There are 2 protein chains.
Amino acid sequence: MRRDIFQAIADPTRRSIIALIAIRAMTPNAIAANFDTTRQAISKHLRILTECELVRQEQQGREIFYSLEIERLKEIDIWIDQYRQLWEKRFNQLDHVLSTIKQQKNEE
Amino acid sequence: MRRDIFQAIADPTRRSIIALIAIRAMTPNAIAANFDTTRQAISKHLRILTECELVRQEQQGREIFYSLEIERLKEIDIWIDQYRQLWEKRFNQLDHVLSTIKQQKNEE
DNA sequence: TATAAACGCAACTATTCGGTTTCGCAAATA
DNA sequence: TATTTGCGAAACCGAATAGTTGCGTTTATA
């Protein structure tokens, strides 16, 4: 079963879980309280997030606290960056066009 | 059928298609030539990418050229940005700790 | 010590997904 | 005009997915 960070963030519930535990570590029960689903379903999502190391767990008595491994999200950032360069380049070209028009206007 | 940009980029083949047509518009056949799969399968991926407006098509005779709607990727960028702020904050805190240690060292 | 709480795991189910094959249509070409 | 080419749509299939229910285990509590 191939786990992929892109696949991990594809599910809206998992993105919500990420948002929740980004603030502070939470237990499965506490997380599940925010959703209209069972704790077991949340546990499954947490397992997927753990498998691709987006989440780390810390046992504390009978509770397990899950927190976000934020560094892993950089992988997404690196992917998007190549396209960010493209759209910024395009924006700069437009910017150049606009300033050229402005210049021509001033020279009239 | 709920189409979502996060779901669209979850598939590795679709990410490859995005990378291909980011450079220049391409036809389904030309795209499919880069993969070990049928044109029809690529067409399905293109339909999904089109449905969430990540891709636009331009008919030219009997050919259809697909190109990337790069602005749509900003949605991913906006999502990742909130976490980027978190990890940069964390990095700055670490940076602060390091410079404090350095300072204490100098004061010895 | 008996009970309750917190959790992971396994079995099961309905749905979605990625792929193929087959088809029909429109445009280019022989 | 007959044939080839480029394409999307539909039917179908196996695998993966997201969810449920029902366990068993460990830890806390009455």
Side-chain angles (χ1 to χ4, degrees), chain A residues 1-21 23-69 72 76 79, chain B residues 1-21 23-69 76:
Chain A
M1 203 184 310
R2 193 84 221 97
R3 285 298 171 210
D4 182 285
I5 195 170
F6 287 92
Q7 198 198 338
I9 65 162
D11 185 83
T13 304
R14 283 197 288 270
R15 286 201 301 282
S16 296
I17 292 176
I18 288 173
L20 275 172
I21 65 174
I23 318 294
R24 67 198 174 294
M26 289 175 79
T27 64
N29 265 327
I31 295 168
N34 295 276
F35 299 93
D36 191 25
T37 182
T38 59
R39 174 189 57 79
Q40 282 86 342
I42 298 298
S43 264
K44 271 197 168 185
H45 284 303
L46 286 170
R47 194 163 67 87
I48 290 168
L49 291 169
T50 306
E51 273 175 14
C52 62
E53 296 173 306
L54 247 170
V55 149
R56 72 175 153 265
Q57 36 187 313
E58 195 190 340
Q59 186 104 23
Q60 211 162 323
R62 66 180 164 184
E63 290 178 321
I64 300 177
F65 285 85
Y66 288 86
S67 58
L68 185 61
E69 196 75 68
R72 286 288 286 134
I76 306 287
W79 181 78
Chain B
M1 204 184 311
R2 193 82 221 100
R3 284 299 170 209
D4 181 287
I5 195 171
F6 287 92
Q7 201 198 334
I9 65 161
D11 185 84
T13 303
R14 283 198 288 271
R15 286 201 301 281
S16 296
I17 292 177
I18 288 173
L20 275 172
I21 63 174
I23 318 295
R24 68 198 175 293
M26 289 176 79
T27 65
N29 265 326
I31 295 169
N34 295 275
F35 299 94
D36 190 22
T37 182
T38 59
R39 174 190 57 80
Q40 282 86 342
I42 298 298
S43 264
K44 272 195 167 189
H45 285 303
L46 286 170
R47 193 162 69 87
I48 289 168
L49 291 170
T50 306
E51 272 174 16
C52 62
E53 295 173 304
L54 248 169
V55 149
R56 71 175 155 267
Q57 37 185 312
E58 196 189 339
Q59 185 103 25
Q60 211 162 320
R62 67 182 163 183
E63 290 178 321
I64 301 178
F65 286 85
Y66 288 85
S67 58
L68 185 61
E69 196 74 71
I76 306 287

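In the text below, chain A, chain B and the rest are named by the order of the sequence lines, each starting its count at 1. Fair warning: this is a prediction, and the values are worked out from it, not measured in the lab.
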> In Å and rounded to the nearest 0.5 Å, what is the CD1 to CD1 distance from Ile17(B) to Ile42(B)?
Replying inline: 4.5 Å
> Are Lys44(B) and Gln40(B) close enough that some pair of their side-chain heavy atoms sits under 4.5 Å apart?
Replying inline: no
>> Strictly below 4.0 Å, N to O, side chains only: are Arg15(B) and Asp4(A) in salt-bridge contact?
In response: yes
> Under 4.0 Å between a side-chain N/O of His45(B) and OP1 or OP2 of dG19(C), yes or no?
Replying inline: yes
> Under 4.0 Å: is that the gap between some side-chain N or O of Thr38(B) and OP1 or OP2 of dT21(C)?
Replying inline: no
Quick one: [X] [atom1] to [N] [atom2], roughly how many Å, whole number?
{"X": "Gln60(A)", "N": "dT27(D)", "atom1": "CD", "atom2": "C1'", "result": "13 Å"}
{"X": "Asp11(B)", "N": "dA16(D)", "atom1": "CG", "atom2": "C1'", "result": "12 Å"}
{"X": "Gln7(A)", "N": "dT16(C)", "atom1": "CD", "atom2": "P", "result": "17 Å"}
{"X": "Asp4(B)", "N": "dA18(D)", "atom1": "CG", "atom2": "P", "result": "12 Å"}
{"X": "Arg3(A)", "N": "dA15(D)", "atom1": "CZ", "atom2": "C1'", "result": "13 Å"}
{"X": "Arg14(A)", "N": "dT17(D)", "atom1": "CZ", "atom2": "C1'", "result": "9 Å"}
{"X": "Glu51(A)", "N": "dA18(D)", "atom1": "CD", "atom2": "P", "result": "12 Å"}

> Under 3.5 Å, side chain of Arg14(A) to main-chain N/O of Gln7(A), donor-acceptor pair present?
Replying inline: yes
> Would you say Gln59(A)'s side chain and Gly61(A)'s backbone share a donor-acceptor pair under 3.5 angstrom?
Replying inline: yes
> Along nucleotides 3-12 of chain C, 5' to 3', which nucleotides get a B, which get an S, and which get a -, given that the test is a protein heavy-atom distance under 4.0 Å?
Replying inline: -BBSBBB-B-
Donor-acceptor list for residues 23-35 of chain A side chains, cut-off 3.5 Å, not counting sequence neighbours:
unit_1	atom_1	unit_2	atom_2	d
Thr27(A)	OG1	Ala30(A)	N	3.3
Asn34(A)	ND2	Ala30(A)	O	2.9
Asn34(A)	ND2	Ile31(A)	O	3.3

